[in-house]
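Notes for the one structure printed next.
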There are 2 protein chains.
Amino acid sequence: MKANQNEQPNGVKEIARRAKVSIATVDRVIHNRSGVSAKTRTRIEKIIQELNYQPNIIASRLASRKVLNFAILIPSVSAETAFWAAPLAGIQQAEDEIRQMGIKVDRYFFDLNSKASFVKQTKQILKSKIDGILLAPSFIEESIAFTDALKEKNIPYVFINSDIPNRESLCYIGPDLFHSGYLSAHVINYCIQPRDKILVVNVSHEIENHHHLLRKEEGFRSYFKDNEKRIVKIDIRQTNDRSVEKKVAEALEETPNIKAIFVTNSRVANVAHYLENKGKKGMLLVGYDFLPENIAYLQKSVIDFLICQKPQEQGYRGIMALYQHLVMAAPVEKVSFMPIDIITRENHAYYKN
Amino acid sequence: MKANQNEQPNGVKEIARRAKVSIATVDRVIHNRSGVSAKTRTRIEKIIQELNYQPNIIASRLASRKVLNFAILIPSVSAETAFWAAPLAGIQQAEDEIRQMGIKVDRYFFDLNSKASFVKQTKQILKSKIDGILLAPSFIEESIAFTDALKEKNIPYVFINSDIPNRESLCYIGPDLFHSGYLSAHVINYCIQPRDKILVVNVSHEIENHHHLLRKEEGFRSYFKDNEKRIVKIDIRQTNDRSVEKKVAEALEETPNIKAIFVTNSRVANVAHYLENKGKKGMLLVGYDFLPENIAYLQKSVIDFLICQKPQEQGYRGIMALYQHLVMAAPVEKVSFMPIDIITRENHAYYKN
DNA sequence: CTGAAAGCGCTTACAG
DNA sequence: CTGAAAGCGCTTACAG
């Protein structure tokens, strides 16, 4: 191919030519590296402006054989935390897409029932050489300590699934919990009569710490704020089927006329199991998350609606946010709320997590 | 940087070394170009297999300064076809992402009320030099003629928003219309009583040709197939507000006890306008598409639910499908149905088209 | 049918 | 503080 014929008109070469310097010096200015006299720097910067220079990222990645290491820190996947399989799949998908650009993703997992496991992993991560990290800040204080250390090292971090505001994260990607509760109330309100009562169920080992469950409940209550008497609420800290069944049965006995149950997380399958066993029909059941067990009950019409928030996309976009920031040097939205999807028996097959 | 130190171990160079040929010959085999003896070809192919060679797409695009031209052919955006702004935005987004890879997108638009305009544009496209095309096959026969010509020229094409099956398109990206109607019925069924009747409204100039409206109606009816008497249906071919109001008013008068209206496309705003004007409260109104006008009525609770199918994503994924196929040489899903999203007053703010 | 060489736009030691 | 040169992994005329 002949040179100079259809050469990129505004590349480093052209800048160097106009500034009467070598391309190495231009490169130093572009990347803000030291070793350029103020005078030369200004001259080159001006030309970059004039030409509206856009670096060719592809050539850049090809030439610099630098590998970027991203880390993720999320709960490990278990029967109780099946949810996290989806974000992990999204992370995998993102990695597949940007591997060609020389990006590696190191995976760290912690036990959602153990703060110690979280802390242990953060220490590991700080020892390793990473350029950016995506994490689920499930434990608030521990996450604050960790991100302080990251800040010190100038390593950008992205929060996923739940947020800690004002922590200077690169961004937050996940649900707006309050509004997802509010929406659930709206949907339920369509399906029952004004005299009907509603049972709100929180199922979790440590409800005190689970800000996110409480945020959903707040949103739900806020919708019915002129009618608070319609809501009965129970907290269930023993998450096995027997305990859930017992508590729910008690509540239903105590308050007649409950026509809808809202479970604030994915444990809605436990309640579904109870309703199915007892042959209770005509109870509207609404809960969270696109998990196989929940979908099964959705298909059997035991669960009526599932609220879902694109868990896979959360993982995908979390990684891509780091990529945008570190590779493309492009600006990143500070907060990116997921849509609040309403999944029923009739549209779940089309839902892409 | 020292050579040979951390050189890509399985690149064309290594293949050439093992096969004792030049990299030019290796390149010929990789791209199935002629001018290689059968013997050499086989030898090289074997080595490619052994090394599980994965070409470096980035280097490839950088070296080959070839520009790929994609074309799109979709309805022009007007007050009546505001829908198409969203796919167009998605196309723009995709183009921005892959421009660096040397892809250009030529935009062609046609008038949804004029077959002639469609045909005219297809002729233009066939005269231009394009490598792939994304189109909305709104006019069936004309689209068949067009895709026949494309097939002849070996140009891949992607259908968007509505499908023509068995046309050897690279893929279809869009809604499953039947099921979106079925889902609408499911949602309405939750919100009204068994004795209530439902009005189905088709608003379109040429309902005969609009297979897609009819497919939605079919899905809707199929949900109520044991109870067909509950459904009253009207077709409105004059799409101005006055005509719609008149027809709907007549239908409501003729059949008392209608408690829900299902409009099979985005013209639901027309019906909403009527209901609001007449001060009719308590009528459940369900329709299609995330358009500003519809959202306004959703916020005022005149429209209760909008069924949406990610129009922007349709455009984005359509372009990316061509990219996957032509640049990455990766396989592409034959059919990719969009999710069937249920949008209400309480979650529309979080919907990303 | 095959190979040597220049080139894509940028980065990176190295030398001065 | 600055520049010449080699290199990233692949493609492309061109010459034989």
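Each chain gets a letter, A, B and so on, in the order its sequence line appears, and its residues count up from 1.
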**Study point:** Minimum-distance nucleotide to I23(B) side chain [options: dA5(C), dG9(D), dA13(C)]
**Key:** dA5(C)

Practice item. Tell me whether the OP1 or OP2 atom of dC10(C) has a side-chain N or O from Y53(A) closer than 4.0 Å. Key: yes

Check your understanding: Looking at T25(B), does any N or O in its side chain come under 4.0 Å of the phosphate oxygens OP1/OP2 on dG3(C)?
Key -> yes

Point to revise | Length of the CZ-P vector between R17(A) and dG9(C), whole Å | key: 15 Å

Check your understanding: What's the CZ-C1' distance between R61(A) and dG7(D), to the nearest Å?
Key -> 16 Å

Check your understanding: Listed in order of residue number, which residues of residues 30-41 of chain A have a non-hydrogen atom at under 4.0 Å from DNA chain D?
Key -> G35(A), V36(A), S37(A), T40(A)

Check your understanding: Just wondering, are more than 12 heavy atoms of other shown residues or ligands nearer than 6.0 Å to CD in E97(A)?
Key -> yes

Practice item. Could you check how far CZ of R43(A) sits from P of dT2(D), rounded to whole Å? Key: 8 Å

Practice item. Please determine, for the side chain of S22(A), which listed nucleotide (dT11(D), dG3(D), dG9(D)) has the closest atom? Key: dG3(D)

Review point. Rounded to whole angstroms, how far apart are CG on D27(A) and P on dA5(D)?
Key: 18 Å

Practice item. Go through dT12(D), dC10(C), dG3(D) for me and flag the one nearest to the V21(A) side chain. Key: dG3(D)

Check your understanding: Between K20(B) and S60(A), who's closer to the 5' end of DNA chain C by nearest nucleotide?
Key -> K20(B)

Check your understanding: Does a sphere of radius 6.0 Å around NZ in K129(A) hold more than 12 heavy atoms from other residues, nucleotides or ligands, not counting ones at 6.0 Å or beyond?
Key -> yes

**Study point:** Any E14(A) side-chain heavy atom under 4.5 Å of L51(A) side chain
**Key:** yes

Review point. Ring centres of Y108(A) and F110(A) under 6.0 Å apart?
Key: no

Review point. Any chance NZ of K151(B) has more than 12 other-residue heavy atoms, nucleotides or ligands included, within less than 6.0 Å?
Key: yes

Review point. Around K334(A), counting heavy atoms of other residues, nucleotides and ligands shown, do more than 12 lie under 6.0 Å from its NZ?
Key: yes

Review point. Could you give the CD1-to-C1' distance, from I15(B) to dG3(C), as a whole number of Å?
Key: 17 Å

Check your understanding: Which heavy atom of D131(A) sits nearest a heavy atom of V67(A), and at what distance?
Key -> OD2-O, 4.2 Å

Point to revise | Of the listed nucleotides dT12(C), dC8(D), dT11(D), the one nearest the side chain of A24(A) | key: dT12(C)

Exercise for review: Give the rounded distance in Å between these two atoms: CE of M101(B) and C1' of dC10(D).
Suggested key: 13 Å

Check your understanding: Just wondering, more than 12 heavy atoms not from K153(A) lying within 6.0 Å of its NZ?
Key -> yes

Review point. Starting at CD1 of I58(B) and ending at C1' of dT11(C), how long is that distance when rounded to a whole Å?
Key: 15 Å

**Study point:** Base dG3(D) paired with R28(A) side chain (donor-acceptor, <3.5 Å)
**Key:** yes

Exercise for review: Starting at atom CG of N56(B), determine the distance to atom P of dG7(D), rounded to an integer number of angstrom.
Suggested key: 18 Å

Review point. Between R317(A) and E333(A), is there a side-chain N and carboxylate O pair less than 4.0 Å apart?
Key: no

Check your understanding: Side chains of R61(B) and V327(B): closer than 4.5 Å at any heavy-atom pair?
Key -> yes

Study note, to complete from the structure: Checking dT12(D), dC8(D), dT11(C) against the side chain of L62(A) (C-beta onward), the nearest is dC8(D)

Study note, to complete from the structure: Taking Watson-Crick and G-U wobble contacts under 3.5 angstrom, with | marking pairs to another strand and [ ] crossing pairs, the secondary structure of DNA chain D is written |||.||||||||.|||

